[in-house]
2 protein chains.
Amino acid sequence: MQRDTSQRRAIRRALEDAGRPLGALEVLEASKSAAPGLGIATVYRNIKALLKGGDISEVALPGEPPRYEAAGKDHHHHFRCERCEKVYELGGACLPDLKNALPRGFRATGHEVLVHGVCAACARKR
Amino acid sequence: MQRDTSQRRAIRRALEDAGRPLGALEVLEASKSAAPGLGIATVYRNIKALLKGGDISEVALPGEPPRYEAAGKDHHHHFRCERCEKVYELGGACLPDLKNALPRGFRATGHEVLVHGVCAACARKR
DNA sequence: CCAGATATGATATTGTATTATCATTATCAA
DNA sequence: TTGATAATGATAATACAATATCATATCTGG
């Protein structure tokens with residue numbers, strides 16, 4: 001049976017509270033205060049378990065390792081800051097006529113949008 | 001000085017003629033008829049040289065190694081077939097109001113869209 | 001509280017894409 | 001044609017994220 005450990009709680013909580021997708025190392029950092037001594041292997045193990053349990057979902061990004069966010073959100077897109085490399089969640093505004101742009105015979109089942117630029121925090125700095 | 005070899009010609013030509021972004025192994029395959037015995041190291045070397053020379057550009061994809069396409073095209077998006085895993089180029093149709101969806105203080109410098117589904121060739125098969 | 005099972009942390013290992021090495025081959029200016 | 005040297009192919013080495021291993025620590029049902 002699945003046990004209730006402080007590490008598991010800390011990791012789940014970090015992902016729920018982040019409000020944005022976190023990578024494995026970000027999860028490690030965010031969980032350390034609640035679970036001192038936490039190791040990266042445990043982070044990976046629990047990310048996998050949370051994925052399997054449907055608690056979080058994977059956010060695949062071009063050219064870098066995946067991030068993870070709380071599951072069950074409405075369809076949305078992401079923003080990646082090119083300075084701090086954090087990924088943020090964008091509000092739902094979506095593109096309705098993507099299908100019209102498809103070549104004949106192609107069938108779309110989904111899409112991903114990644115906007116990049118500078119986030120508010122970094123824009124403030126310089 | 002840069003020399004003109006059959007391998008280099010074959011690789012450049014494969015990327016120009018493909019009409020869609022190719023990964024390193026796809027480049028190898030597509031170039032073999034024009035350059036028998038071609039090795040993967042040479043493919044990587046020439047991809048890098050073509051990138052530096054501005055002849056091709058990199059197409060980064062979520063969760064997989066990059067593809068490369070002829071440079072200088074108008075802004076466009078990509079389609080990835082989930083059966084054959086080929087990536088196709090989509091016509092220009094773009095999303096004008098992405099900026100409106102940005103949180104206060106965020107500044108966008110660009111975006112990428114990846115549509116996924118089944119390409120015409122695979123849809124025909126089954 | 002205890003015993004057995006699960007989880008953890010440290011680290012070794014794997015898997016995969018890319019780059020470096022090096023002996024050999026091919027290009028090209030003179 | 002030829003000599004200097006850039007390019008090639010085979011493969012070893014690297015980089016990196018993710019997983020496996022294993023001794024130890026921690027849960028939890030009884």
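Keep in mind that this is a model prediction, so the values were computed, not measured.
Regarding Glu26(B), its CD atom lies at a distance of 15 Å from the C1' atom of dA17(C), rounded to whole Å. Here the C1' atom of nucleotide dA7(C) and the CD1 atom of Ile11(A) are 11 Å apart, to the nearest Å. Straight-line distance from the CD atom of Glu58(B) to the C1' atom of dT18(C): 12 Å, rounded to whole Å. Atoms CD1 (Ile40(B)) and P (dA17(C)) sit 10 Å apart, rounded to a whole Å.
Residues Lys86(A) and Glu26(A) are not paired through a salt bridge, judged by the lack of any N-O separation under 4.0 Å between the basic side chain and the carboxylate.
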Once each nucleotide of nucleotides 24-30 of chain C is scored for protein heavy atoms under 4.0 Å, what B/S/- sequence comes out, 5' to 3'? --BBS--
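Side-chain atoms of Pro21(A) and His78(A), non-hydrogen and from C-beta on, do get closer than 4.5 Å to each other. Put simply, the side chain of Phe79(A) reaches to within 4.5 Å of the side chain of Leu102(B), judged on heavy atoms.
The same ILVMFWY cluster, assembled from side-chain heavy atoms under 4.5 Å apart, contains both Leu22(B) and Leu38(B).
You can see that DNA chain D meets the heavy atoms of chain A within a 4.0 Å-exclusive cut from dA17(D) to dT28(D), reading 5' to 3'.
Of the residues in residues 41-57 of chain B, Ala41(B), Thr42(B), Arg45(B), Asn46(B) come within less than 4.0 Å of DNA chain D through at least one heavy atom, sorted by number.
Without hydrogens or angle criteria, Ser57(B) side chain to Ala71(B) main chain gives no donor-acceptor distance under 3.5 Å.
A side-chain N or O of Arg45(A) and one of Thr42(A) form a donor-acceptor pair less than 3.5 Å apart. Side chains of Ser31(B) and Gln7(B): a donor-acceptor N/O pair is absent below 3.5 angstrom, by distance only. Under the 3.5 Å distance criterion, with hydrogens and angles disregarded, a donor-acceptor pair is assigned to the side chains of His75(B) and His111(B).
Annotation: side-chain hydrogen bond (donor to acceptor under 3.5 Å, both in side chains) contacts of Thr5(A) (sequence neighbours excluded): none. Listed by chain and number, the residues in a salt bridge (charged side-chain N to carboxylate O under 4.0 Å, His left out) with Glu58(B) amount to none (sequence neighbours excluded).
The salt bridge (Lys or Arg N to Asp or Glu O under 4.0 Å) with Glu89(A) is formed by just one residue from the set Lys73(A), Arg67(A), Arg80(A); it is Lys73(A).
Where Gly37(A) and Ala24(B) each meet DNA chain C at their nearest nucleotide, the meeting point lying more 5' is that of Gly37(A).
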Could you please spell out the steps behind the salt bridge (charged side-chain N to carboxylate O under 4.0 Å, His left out) verdict for Glu69(B) and Arg20(B)? CA-CA 6 Å; Glu69(B) 65 182 5; Arg20(B) 61 184 192 82; over 6 Å; no
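Between its two ends, the helix from dC1(C)-dG30(D) to dA30(C)-dT1(D) turns its axis by 40°, counting five pairs per end and rounding to 10 degrees.
Distance check: Glu29(B) CD to Lys32(B) NZ gives 4.5 Å after rounding to the nearest 0.5 Å.
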